[in-house]
J.: 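One structure coming up, written as structure tokens, with questions to follow.
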Amino acid sequence: MAIQSSPKSPADRNLTLYEAMLEGISDLGCLVYSKELVLYIQARWAGIYASVIPAQIERLMLSRLRKYETEGLRAAQPVLCPALTAVRGEAIFRLMARSDWPLESRLVAATTGRLRYLQITARVCNLLLNEGYRFDNHSPLLKLVSTLARGLPGITVKYEQYDLKSWRDLASELIITISDKDKKIRIDSATSLLTVTYFNEFWGVPEEGMEELGV
Amino acid sequence: MNSDITSVVGRLCARELGRAVPIRSMYSISPDPSDVFGVAFIRVAAEERVQAIAYGLMNTQPNIITIYNPLARSAQELEPFARAFHDYLTEYNARGELPRVWLGHTAALTVLDLLGHRYQSNSHVTDILRKMGRQCRALCEEATFPGQQVTAVASTLLMEHLVTGQSAVEDQHLGAMLAWIDPLPEINPVDLSQRRSLVPAASLLTKKADDEVERLRRLARQYSSSNELIAIRRRICALLEDGVKHEWSLLEEAHTAFWKLGLHAAPPQHMMQLISDSHERLRYFLNYGAYIPSRPHSLSLRLDTYEYAAALVGELDACCDKRVRERLRATGRVLSIRVEAVEQPNKGRHPCTLTLATDQPVRRIRSGTRLKSINGQILGRVIRQIEGDDKQHRIVFRLLKGVRKGRPQVGQEFELVDTIPFDSRQVKRLIYKLMHQSDSALVYHHNLPPNVHRRLPLGSILESAERSRRR
Amino acid sequence: MSLAGARGLARISQNPRCDLQTAMVINQVNEVKFYKALTGKEFEGEYGERTSARRRGRMFETNLYQNDAAELRRTLGPRFGYNPEDMSVRNLVDEIPDHMKGARQRRYMRVVQIFASVAAGLKPSSVPHLLIEPQLRLSVSDNHFIYITPDFAIFDPQAECYVVGEVKSMIVRAGSPERADLERARRQAGAEVLALQLLAKQLGIIDRLQDRANFIFASPFGVIPHPPVEENLHAEVSEIRKALESCRRVNSDLEALMGQGSGKDFVTYARTLRFTFQNTCMSSCALLSYCKARISDTTQVLGDEATDAFGPTTELKRLYELMLNPESARSAEEVSLAARLKEAREVLGVDSRPVSERIRVR
């Protein structure tokens with residue numbers, strides 16, 4: 001496997017951590033756990049953010065989101081927000097999304113956990129196969145991909161052996177089998193959540209307001 | 001009087017006397033062979049992986065191996081130990097003698113066992129390491145048999161032979177226990193033991209050193225320059241070496257202290273059987289592998305073997321160890337008797353019935369109990385017991401062995417013990433073979449018949465029980 | 001050994017008569033600092049988990065929980081009749097991380113919602129098959145809770161309710177981990193089962209629960225899990241229930257004492273609390289040397305067997321005197337004791353020397 005790096009553009013070098021987070025999520029294209037996003041950032045901007053940790057970006061996401069709401073900056077630009085459970089709209093604070101994504105793309109139904117996992121596996125494999133030149137340091141991304149591949153059915157990951165193509169193909173194959181069903185559930189959930197009194201599209205339903213949903 | 005109180009009183013005496021008190025008068029293991037192999041470990045806490053080994057013949061300078069990265073896939077660092085271990089065992093095997101391996105405590109035995117589990121059939125390591133794995137498993141499996149003579153675990157042996165003036169839990173710390181054995185007059189063993197127990201004696205570094213090693217290993221990942229890496233590696237190895245040297249010195253101290261207890265050795269004629277049994281098992285484990293039985297027939301046979309081995313040890317102790325015998329007497333398993341009458345119609349021939357008298361208040365006998373004299377010349381069965389008015393308890397005893405030359409005479413006093421081993425394994429082996437062949441669902445746990453609730457017949461439970469009683 | 005959550009209750013359950021330890025758990029003190037405050041001396045010896053042990057525990061858990069708990073689903077799914085690929089998972093710590101304010105309370109409320117759904121008859125996949133670190137709690141008083149966090153809970157389709165489970169990185173040999181480790185894990189799980197039962201009782205589904213938990217230990221090979229084991233925990237649940245009662249009693253005593261407004265702090269009260277010294281203290285409590293110094297003249301210092309045989313307050317010096325001079329017995333009780341001691345001494349065959357030489361007060 002030949003993955004080549006290339007020098008970053010000056011714009012890339014001046015990114016704030018928050019911008020890097022937003023850019024990372026966009027690039028990965030699905031809901032992302034903070035620990036996965038950290039590895040992406042460490043790989044892509046190793047020269048600047050090599051020592052960033054998950055709790056740091058979780059706190060940053062929360063503080064920006066609060067500021068975003070209190071200062072009425074809603075329309076200004078997209079921010080990071082937590083994903084929400086599809087059944088009751090509870091926030092999953094370690095699972096990050098972008099506020100400019102439609103609500104249904106920010107929901108997690110029973111099948112979404114698996115779908116999301118397959119999506120990110122396929123995407124990281126793809127990045128390493130075709131767009132490796134965009135990354136300063138490949139090792140965090142390789143660490144991420146070998147961890148993800150361990151969850152694929154029938155795959156045994158050998159130490160420092162990356163069968164990226166077959167992992168990507170398997171993940172893509174499995175995505176097709178569940179994506180339609182999952183999408184339908186999430187669209188239905190999004191519709192019903194919007195009718196809930198205490199529902200906030202970014203923070204979800206507060207625990208105290210859960211009675212509203214009925215059990 | 002139960003043995004717990006005896007051991008508590010032993011602790012009381014030890015505390016007041018300021019030194020450990022022996023609870024046996026005879027060593028439970030045979031004397032060491034000419035060369036004794038010792039092993040001390042330092043392991044990674046919880047991971048149970050070896051990160052340092054001190055090994056070699058006891059009372060010589062140990063060889064030391066330190067492993068910089070114990071979680072690495074390579075296990076090459078273990079090879080010198082594997083070779084030395086293999087050479088030692090092979091040499092003894094060739095001589096037809098029983099080897100002996102000394103370990104400090106049960107934690108070291110666990111590490112040795114895990115080495116066995118990890119390497120005995122590991123296809124990624126060299127042949128010598130696989131051999132080492134099999135040998136480690138063989139020694140650890142043998143260590144589970146009562147009376148075995150190969151693996152000597154110092155802390156266990158010391159706890160078997162003496163009690164100290166502290167609690168049994170504190171005795172599990174080898175260093176703390178050694179503080180009580182033959183202390184210098186000016187040293188208070190209570191204080192010394194307390195000080196020693198602050199440093200672990202369980203194949204571990206001190207917490208401070210352990211955390212430092214972990215920190216250095218993390219640090220090493222950040223450095224690429226070879227000079228810095230070499231310095232870190234040296235520091236880690238030095239800490240490990242200090243730790244394993246401490247473990248080795250504890251082992252040596254325990255080994256010396258044990259043989260300096262001054263107890264007498266078991267008579268060779270009694271010890272021979274334990275040694276030959278141990279030898280036979282070890283040879284089997286080394287040749288065919290030491291696997292823990294899991295199927296009902298093999299597990300049952302293993303339990304029978306344990307039982308028989310324990311009975312042999314019980315017999316040896318009762319017959320040859322005065323202190324153990326006294327404890328057994330307190331529980332009624334040894335009787336001091338006087339012969340009151342002998343009834344033998346034909347001299348030198350069966351039947352021969354003795355009337356024995358004892359004033360022991362605690363007797364653990366009933367009709368049918370088999371008893372023998374401690375020299376083994378007399379063996380018989382209790383026919384019945386007679387309570388007398390004179391605090392004397394009388395036993396009618398039918399001799400099964402010793403009716404001729406050594407027959408007891410009226411007025412003779414001697415001791416009888418109930419520790420008579422019976423080797424049922426030959427018969428049981430046939431039974432287990434049949435059990436295996438019949439493949440009963442109840443035994444082998446598959447295709448069990450449906451669980452149908454049984455209805456009790458009408459009437460009281462007592463009546464039902466009476467009806468179902470075998471006549 | 002930690003004082004937090006289920007571990008704290010497990011510790012109390014091993015020695016429920018020690019009010020001092022119970023008070024430490026209720027107040028969640030830092031044991032080492034508390035030792036210093038109590039004795040005025042620095043704590044000697046080792047305390048707390050080693051970095052290497054913590055690392056292994058973390059690695060083992062991470063291996064099971066990563067990728068939507070793929071390894072855990074594979075390990076547990078077939079046992080409960082699920083296809084691992086079809087199982088849904090909710091990781092409560094991912095939902096509300098520890099650094100967020102009121103995280104435990106918020107997680108608990110989410111767990112209550114899930115259980116309410118179960119009580120309403122919902123089944124997977126309307127409720128998750130697997131919960132990672134579900135938050136439960138036990139109440140010590142109206143406003144004082146001990147939060148209990150099982151490592152996981154899995155929905156048992158036969159019982160129609162969740163069963164808690166513990167993930168422990170201790171290594172299994174011959175089918176079982178070390179006995180002492182297993183006992184600690186079982187007690188911890190006992191606290192989790194009890195917390196689950198209390199929640200189920202509030203929701204009217206207590207009849208669906210049994211005193212059982214699943215354990216996942218490690219195989220000798222790295223962080224690979226050993227097949228799960230389900231254990232019945234009747235005894236442990238009962239012991240934890242007693243520990244909780246002990247917590248409530250000590251808590252109300254402490255509230256009564258400290259509520260009187262005398263301005264004294266907890267350390268001052270702690271000195272007056274009853275303590276019970278026993279064998280389990282040796283491996284678990286930082287106050288070991290403090291308590292041991294207070295009982296060093298009595299039989300307790302020789303261990304539980306001595307306490308059982310001669311009572312906890314009997315003085316060693318007196319016992320020794322009685323053993324050597326049975327005539328010095330002052331009561332019928334002492335006469336009988338002296339006879340027992342004499343007999344034991346004869347059994348042991350200990351050398352006798354003049355009394356003046358033998359009796360040395362330590």
Side-chain angles (χ1 to χ4, degrees), chain B residues 1-18 21-23 25 44-48 71 110 113-114 117-118 122 163 165-170 172 188-190 194-195 197-200 204-208 210-211 213-215 218 292 294 322-323 326-327 329-330, chain C residues 44-57 59-60 169-171 173-175 178 218-222 279-283 289 292 296 299-310 316-317 319-320 323 340-341 343-351 353 358-362:
Chain B
M1 175 66 53
N2 61 41
S3 57
D4 276 348
I5 290 183
T6 317
S7 123
V8 169
V9 171
R11 289 187 189 283
L12 172 70
C13 294
R15 197 168 183 94
E16 296 300 330
L17 296 171
V21 170
I23 51 171
S25 54
V44 184
E47 200 84 48
E48 312 294 334
L71 302 186
T110 307
D113 196 23
L114 280 167
H117 278 289
R118 281 180 179 139
N122 190 332
V163 289
Q166 59 191 5
S167 68
V169 179
E170 288 165 296
Q172 284 170 8
N188 182 344
V190 176
Q194 207 151 329
R195 268 204 310 281
S197 63
L198 297 176
V199 181
L204 285 171
L205 292 174
T206 59
K207 185 168 183 285
K208 197 177 162 196
D210 204 10
D211 289 349
V213 167
E214 281 292 311
R215 189 188 69 81
R218 264 202 313 276
I292 301 159
S294 56
K322 198 166 159 271
R323 286 197 175 102
E326 286 309 314
R327 287 209 296 280
R329 192 195 312 284
Chain C
E44 286 182 323
E46 300 185 345
Y47 180 81
E49 205 176 9
R50 286 163 184 251
T51 314
S52 51
R54 215 167 28 236
R55 174 176 45 78
R56 177 179 165 78
M59 272 170 68
F60 189 60
S169 64
M170 52 192 77
I171 293 169
R173 284 182 309 138
E178 289 283 317
S219 73
F221 310 101
N279 284 354
T280 55
C281 303
M282 314 263 184
S283 56
S289 60
K292 200 172 161 190
S296 61
T299 45
Q300 288 181 75
V301 81
L302 298 181
D304 291 356
E305 299 80 13
T307 312
D308 293 344
F310 301 115
L316 291 179
K317 195 179 162 190
L319 269 185
Y320 198 66
M323 184 177 74
R340 285 164 71 202
L341 289 165
E343 199 179 326
R345 188 183 141 215
E346 281 166 6
V347 167
L348 277 168
V350 179
D351 297 341
R353 288 179 289 160
R358 284 181 223 128
I359 300 175
R360 281 161 50 186
V361 183
R362 294 193 177 278

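The sequence lines fix the lettering, A, B, ..., with proteins before strands; numbering per chain opens at 1. Small disclaimer: the values here were computed from a predicted structure and weren't measured.
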J.: Examine whether an atom of C:Met170 lies under 4.5 Å from a heavy atom of chain B, and if so say whether it belongs to the side chain, the backbone or both; otherwise answer neither.
T.: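 Contact with chain B is absent: no heavy atom of C:Met170 under 4.5 Å.
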J.: Find the one option among C:Asp304, C:Leu302, C:Leu319 whose heavy-atom pairs under 4.5 Å with chain B are most numerous.
T.: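 Looking at each of C:Asp304, C:Leu302, C:Leu319 in turn, C:Leu302 comes out on top.
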J.: Could you report the tightest heavy-atom contact between B:Thr6 and C:Leu348, atom names first, then the distance?
T.: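 Shortest heavy-atom contact: O-CD1, 3.4 Å.
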J.: I need the minimum non-hydrogen distance between B:Ile5 and C:Ala309, along with the two atoms involved.
T.: CG1-CB, 4.1 Å
J.: Which atoms of B:Thr206 come close to chain C, meaning under 4.5 Å heavy atom to heavy atom: side chain ones, backbone ones, both, or neither?
T.: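 For B:Thr206, heavy atoms of backbone and side chain both lie under 4.5 Å from chain C.
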J.: B:Gln172: which residues meet the side chain to side chain contact (heavy atoms under 4.5 Å, CB included) condition with it, sequence neighbours left out?
T.: B:Met159
J.: Under 3.5 Å, side chain of B:Arg118 to main-chain N/O of C:Pro220, donor-acceptor pair present?
T.: yes
J.: Would C:Met282 and B:Ser167 count as a side-chain contact (heavy atoms from CB on, under 4.5 Å) here? Give the steps.
T.: CA-CA 10 Å; C:Met282 314 263 184; B:Ser167 68; 3.2 Å; yes
J.: Evaluate C:Ile171 against B:His117 for side-chain contact (heavy atoms from CB on, under 4.5 Å), listing each step before the verdict.
T.: CA-CA 11 Å; C:Ile171 293 169; B:His117 278 289; over 6 Å; no
J.: Are C:Arg50 and B:Glu214 ion-paired here, with the side-chain N under 4.0 Å from a carboxylate O?
T.: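 Result for this pair is no, no salt bridge flagged.
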J.: Check whether B:Arg218 gets within reach of chain C through its side chain, its backbone, both or neither, counting any heavy atom under 4.5 Å.
T.: side chain
J.: Using non-hydrogen atoms and a 4.5 Å limit, figure out which bit of B:Ile292 sits close to chain C: side chain, backbone, both or neither.
T.: side chain
J.: If you count heavy-atom pairs under 4.5 Å between each of B:Leu71, B:Thr110, B:Val44 and chain C, which one has the most?
T.: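 The candidate making the most pairs under 4.5 Å is B:Thr110.
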J.: Taking every non-hydrogen pair under 4.5 Å, which of B:Ile23, B:Val21, B:Leu204, B:Val199 racks up the most with chain C?
T.: B:Leu204
J.: Got a salt bridge between C:Lys292 and B:Glu170, using NZ or NE/NH1/NH2 to carboxylate O under 4.0 Å?
T.: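 Judged by the 4.0 Å cut-off on N to carboxylate O distance, C:Lys292 and B:Glu170 do form a salt bridge.
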J.: Quick one: which of B:Leu12, B:Asp113, B:Asn122 has the most heavy-atom pairs under 4.5 Å with chain C, could you say?
T.: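 With the most close heavy-atom pairs to chain C, the winner is B:Leu12.
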J.: Could you give me the CA-CA distance, side-chain angles and deciding distance for C:Arg173 and B:Leu114, then say whether side-chain contact (heavy atoms from CB on, under 4.5 Å) is met?
T.: CA-CA 8 Å; C:Arg173 284 182 309 138; B:Leu114 280 167; 3.6 Å; yes
J.: Among C:Gly45, C:Ser52, C:Ser219, which residue forms the greatest number of heavy-atom pairs with chain B at distances under 4.5 Å?
T.: C:Ser52
J.: Using the test side chain to side chain contact (heavy atoms under 4.5 Å, CB included), find all partners of C:Glu49 that sit at least two apart in sequence or belong to another chain.
T.: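 C:Ala53, C:Arg54.
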J.: Please state whether the side chain, the backbone, both or neither of C:Phe60 comes within less than 4.5 Å of a heavy atom of chain B.
T.: neither
J.: Counting only non-hydrogen atoms closer than 4.5 Å, does C:Met323 touch chain B with its backbone (N, CA, C, O), its side chain (CB onward), both, or neither?
T.: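 For C:Met323, the side chain is the part near chain B, not the backbone.
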